[in-house]
Participant: 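The structure that follows is given in the form of structure tokens.
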Amino acid sequence: MDRIHSFCDAEVWEGELPPPREVLLEKVRNVEGLLSLLTDKVDAELMDKAPKLKVVSNCAVGFDNIDIHEATKRGILVGNTPGVLTDTTADFAFTLLMAAARRVVEGDKQVRAGGWKTWGPMILLGQDIHGATLGIIGLGRIGATVARRAKGFGMRLLYYDVVRQKKLEDELGIQYLELERLLAESDFITIHTNLTAETHHLIGAKQFEKMKRTSVLVNTSRGPIIDNMALYEALRNGKIGFAALDVTEPEPLPANHPLLTLDNIIVTPHIASASVVTRTKMGLIAAENLIAGLKGEMPPNPVNPEALKKR
Ligand code: DGY
């Protein structure tokens, strides 16, 4: 905020919850720049209400909350914060994978509830990570960084993506498979793809049928990539073993959601990039994207550089 205030006047929404839609629509009337969070929907309606808007700086790498097509049409630059959160997010995907495999949350709950009576040879048996097969859906920056961690654990690596990544295949010894085969062969599956019309509910009832009954599904990308109700059925009926989600549909996930009645799931509140250092870097990048856009210059991390030509 210091960096932004040094350059321009700025009104900050201080509420813990996102601004109500009608407030946001009112507040954008005269702004030239908007620093948004992934909880703010920046669509055609908002852009129509903000005729002076030149730049939207999203403090996230994902930008599915913004209608990029509409922004570009209007010459509004959009910036995001890639790169700085790659390692932190990959760390967290691995954290969820390990916590699920070794039943860390169940163990903690049991101890707190006074359920730790003795050491027992059959208590809370989990799955080995070393030597297991990891399927990565989306081998972009974060997916590849998860693969590097998994390699250190001696895992067999598979991936599915819309584009083949030959260089990474050689570097990481990771094998490309069509989605169905990856689902069938993996012990652990982790999702690292963007949310688009094509990836919406990419994992649903049909896909759960293909997975091993012991498989562990991890999602740190966007909630709607998984069909939540199909996941509920799959976990409840033992079609898969466990899920560990940092993102859900909807967000926040209501405390009375059916998924939260199950024991074989961990849900965290969209915190994969939430380290002090990474969130600081994301904020600074978002500020620089905003300032460049206000100056009419190309932001350091543009999502739609072509918007500048539309002016
Ligand atoms: C992102 O940046 O898109 C994450 O979901 C939040 O860090």
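Excluded from the calculations below are hydrogen atoms, water molecules and symmetry mates; all remaining heavy atoms, backbone and side chain alike, are included. Since we're looking at a predicted model, the values are computed, not measured. Indexing begins at 1, ligand by ligand and atom by atom, following the structure's order.
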Participant: What I want to check is whether the side chains of His192 and Thr190 have a donor and an acceptor closer together than 3.5 Å.
Facilitator: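 Yes - a donor-acceptor pair under 3.5 Å links their side chains.
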Participant: Any side-chain donor paired with an acceptor under 3.5 Å for Gln165 and Tyr176?
Facilitator: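 There is no such pair (donor and acceptor under 3.5 Å, judged by atom type) between the side chains of Gln165 and Tyr176.
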Participant: Using a strict 4.0 Å cut-off to heavy atoms of Arg222, name the atoms of ligand 1 that fall inside it.
Facilitator: 1 (C), 3 (O), 4 (C), 5 (O)
Participant: Check Ile136, Leu97, Leu183, Asn219 against Ile189 for a side chain to side chain contact (heavy atoms under 4.5 Å, CB included) and give me the one that passes.
Facilitator: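 Of the listed residues Ile136, Leu97, Leu183, Asn219, the side chain to side chain contact (heavy atoms under 4.5 Å, CB included) partner of Ile189 is Leu183.
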Participant: Provide the number and element of each atom of ligand 1 under 4.0 Å from a heavy atom of Gly62.
Facilitator: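 Result: 1 (C), 2 (O), 3 (O).
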Participant: Which is it for Ser273 and ligand 1 at heavy atoms under 4.0 Å: side chain, backbone, both or neither?
Facilitator: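 Near ligand 1, Ser273 shows its side chain, while the N, CA, C and O stay back.
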Participant: Checking side chain to side chain contact (heavy atoms under 4.5 Å, CB included) against Leu158, which of Leu134, Leu182, Ile174 comes through?
Facilitator: Leu182
Participant: Below 4.0 angstrom from a heavy atom of Met282, which ligand 1 atoms are there? Numbered from 1 as shown, please.
Facilitator: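 Matching atoms, with element in brackets: 2 (O), 7 (O).
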Participant: Could you list which atoms of ligand 1 come closer than 4.0 Å to a heavy atom of His270?
Facilitator: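 Checking each atom against His270, I get 4 (C), 5 (O), 6 (C).
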Participant: Tell me the protein heavy atom at minimum distance from atom 2 (O) of ligand 1, and give that distance in Å.
Facilitator: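 Result: Val61 N, 2.7 Å.
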Participant: Sorted by first residue and then second, give each side chain to side chain donor-acceptor pair (under 3.5 Å) pair with at least one member in residues 18-29; sequence neighbours left out.
Facilitator: Glu11-Lys27, Arg21-Asp43, Arg21-Glu45, Glu26-Arg29
Participant: Hey, are Asp67 and Arg74 close enough for a salt bridge, meaning a charged N less than 4.0 Å from a carboxylate O?
Facilitator: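 No, no charged N to carboxylate O under 4.0 Å.
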Participant: Below 4.0 Å, non-hydrogen atoms only: which portion of Leu85 touches ligand 1? Side chain, backbone, both or neither.
Facilitator: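 Side chain only; the backbone of Leu85 stays clear of ligand 1.
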Participant: Using a 4.0 Å heavy-atom cut-off, which part of Val247 comes near ligand 1: side chain, backbone, both, or neither?
Facilitator: neither
